[in-house]
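Step one of this worksheet: look at the structure below.
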There are 2 protein chains.
Amino acid sequence: MVAHPTRDRRAERREATRAEILDAAWELARIHGLAGISLREVARRIGIQPPTLYWYFDSKNAIYDAMFAEANRQLLQLIAEQEWPTEPREMLRMAARVWVAFSTEDVARYQLMFQRSIPDFEPSPEAYAVALEILQTMRVDFAAAGISDPAHLDLWTAVVAGLAAQQTSNQPGGDRWLRLTDEAADMFADHVLGTTTQESQR
Amino acid sequence: MVAHPTRDRRAERREATRAEILDAAWELARIHGLAGISLREVARRIGIQPPTLYWYFDSKNAIYDAMFAEANRQLLQLIAEQEWPTEPREMLRMAARVWVAFSTEDVARYQLMFQRSIPDFEPSPEAYAVALEILQTMRVDFAAAGISDPAHLDLWTAVVAGLAAQQTSNQPGGDRWLRLTDEAADMFADHVLGTTTQESQR
DNA sequence: GTCTATATCCAGATAGAC
DNA sequence: GTCTATCTGGATATAGAC
């Protein structure tokens, strides 16, 4: 029989190194673009030899996959920790602000999550499950605000995706589209809720 | 003295080969992604040896630059050949349809024009001039429709860019966002023109 | 104009010793 | 777990003959 301590120090150490690898990969993605991550340079940055990476990840795509899952978990948590207004228009404003801010604050992360930037990369089912959970959360929140038409949800994602896309590709680091977030949310609210919604709630 | 015929057959031949090179590059971009263009394979496809490409283009980025200019010229021409309605709401609907259709019909072209997908590529001033001409055309048309606030133009580009972005990255080849184009244009029209515009025009 | 030969450099991944 | 050594294949670009 082997001992079974409650804390597996070896597994903890392994997870810590995996996290180091991912951090280095994110850093390189921010510098050289998502496709510009080189395993040699990842290894160099954390002080190991390139082949050693393969003890922690099966392939380069496995690293992208872990990054994809991590990014989605970050967004899921960000959504969870907000205090969501119940008033529909306020909720939409906040949703737009949260999403656009998250998207623009790290272009590489945005590209990995929302653009299909790496040709041969497809997220694994486990990683994609987190993304689906985010969508599901959104569906519930929007239904509570009286928005349940799937086409309206698609229109919403287009509006916020457009703000983020324009901001990141035309003026990364600026706020030219960022500052239109509230106006865009209002425009959408007027369209799907009708302009009389606020009065009719009295 | 040398003869100066009105047709320079040598220059024509050269232009034809340049066009062949660009066509092959576009084809590869559609298959392997924009970054996946390999000069070896471009050469192989048109039946020359890789170094020969350098007689036609100075570098790989020069090829991207020519592609960028070509793509923008295509959009400029597409805009020019439409019969634009003078009624603002109809004009917006058509503008959205033209732009979104153009963006989604070739993902590689879309990435080259509107996403900064190739890290080290910056369009040359000459190539970028065509892109600016498109923007200028749009500004004039929108002003004629009574839309001159720069923030409203930015909001517009975000809306149409969002539709294209969602369509190309989530469902390339489909029409889930494509079919929301008219509704999105109307939503924008309601917002910037006011709902009374149609009546007040009588 | 097009070629061959080559320079230079980089990539991801594997084998197997320790 | 980490290493060295290596495989295999790719890339863009240049030199210089013809």
Side-chain angles (χ1 to χ4, degrees), chain A residues 2 7-22 24-29 31-68 108 112 117-122 124, chain B residues 2 7-25 27-29 31-68 108 112 117-122 124:
Chain A
V2 245
R7 273 183 58 196
D8 185 339
R9 306 186 80 91
R10 192 163 299 175
E12 281 174 17
R13 189 78 198 83
R14 188 182 155 97
E15 275 313 304
T17 304
R18 278 176 62 102
E20 271 189 81
I21 292 169
L22 294 180
W26 280 119
E27 222 177 306
L28 287 177
I31 299 171
H32 300 117
L34 203 53
I37 297 175
S38 138
L39 297 190
R40 288 167 134 82
E41 204 175 344
V42 168
R44 203 184 51 74
R45 282 187 175 235
I46 65 171
I48 64 173
Q49 295 302 312
T52 305
L53 291 173
Y54 287 82
W55 194 82
Y56 294 97
F57 291 97
D58 284 344
S59 67
K60 189 180 185 178
N61 268 358
I63 293 180
Y64 280 129
D65 197 56
M67 292 168 78
F68 181 86
L112 179 60
S117 190
I118 307 294
D120 292 330
F121 167 65
E122 285 282 327
S124 64
Chain B
V2 244
R7 273 182 58 197
D8 187 338
R9 306 186 80 90
R10 190 163 300 174
E12 281 174 19
R13 188 78 199 82
R14 187 182 156 97
E15 274 314 303
T17 304
R18 279 176 61 103
E20 271 190 80
I21 292 169
L22 295 180
D23 286 349
E27 223 178 305
L28 287 176
I31 299 172
H32 300 119
L34 204 53
I37 296 175
S38 137
L39 298 190
R40 287 164 133 82
E41 206 176 343
V42 168
R44 202 183 51 72
R45 284 188 172 233
I46 64 170
I48 63 172
Q49 295 300 314
T52 305
L53 291 173
Y54 286 81
W55 193 81
Y56 294 97
F57 291 97
D58 284 345
S59 67
K60 188 181 186 179
N61 268 358
I63 294 179
Y64 280 128
D65 197 55
M67 293 168 77
F68 181 85
L112 179 60
S117 190
I118 307 294
D120 292 331
F121 167 65
E122 286 281 327
S124 63

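With sequence neighbours excluded, no residue satisfies side chain to side chain donor-acceptor pair (under 3.5 Å) with B:Ser38. For B:Glu27, the side chain to side chain donor-acceptor pair (under 3.5 Å) partners are B:Arg45, not counting sequence neighbours.
Here the side chain of A:Ser38 is nearest to one of C:dG12, C:dG1, D:dT12, namely C:dG12.
We find that NZ of A:Lys60 is positioned 8 Å from P of C:dA13, with the value rounded to whole Å. Atom pair A:Ile37:CD1 and C:dG12:P shows a separation of 10 Å (rounding to whole Å applied). Atom CG of A:Asn61 is separated from atom C1' of C:dG12 by 11 Å (rounded to the nearest Å). One can place CD1 of A:Ile21 at 12 Å from P of D:dG1, the figure rounded to the nearest angstrom. What separates CD1 of A:Ile118 from P of C:dG12 is a distance of 11 Å, to the nearest Å. Between the CG atom of A:Leu39 and the P atom of D:dG10 there is a distance of 18 Å, rounded to whole Å. Rounded to whole Å, atom P of C:dG1 lies 12 Å from atom CD of B:Glu12. Nucleotide D:dG1 holds its C1' atom 15 Å from the CZ atom of A:Arg18, rounded to whole Å.
Of the listed residues (B:Ile63, B:Leu34, B:Asp65), just one forms a side chain to side chain contact (heavy atoms under 4.5 Å, CB included) with B:Phe121, and that residue is B:Asp65.
Of all the heavy atoms in A:Ala108 and A:Trp26, the pair that sits closest is C-CZ3, 4.3 Å.
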Between the protein and nucleotides 2-6 of chain D, list every N/O to N/O distance that falls short of 3.5 Å.
| residue | atom | partner | partner atom | Å |
| --- | --- | --- | --- | --- |
| D:dT2 | OP2 | A:Tyr56 | OH | 2.3 |
| D:dC3 | OP2 | A:Gln49 | N | 2.8 |
| D:dC3 | OP2 | A:Thr52 | OG1 | 2.8 |

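The structure places NZ of B:Lys60 at 9.0 Å from OH of B:Tyr54, a figure rounded to the nearest 0.5 Å. Distance check, rounded to the nearest 0.5 Å: CD of B:Glu41 to CD1 of B:Ile46 gives 12.5 Å.
Looking at heavy-atom distances under 4.0 Å, B:Ile63 makes no contact with the nucleic acid at all.
The residue among B:Arg10 and A:Glu41 whose nearest nucleotide of DNA chain C lies closer to the 5′ end is B:Arg10.
A salt bridge links B:Glu15 with B:Arg18: at least one charged nitrogen is closer than 4.0 Å to a carboxylate oxygen.
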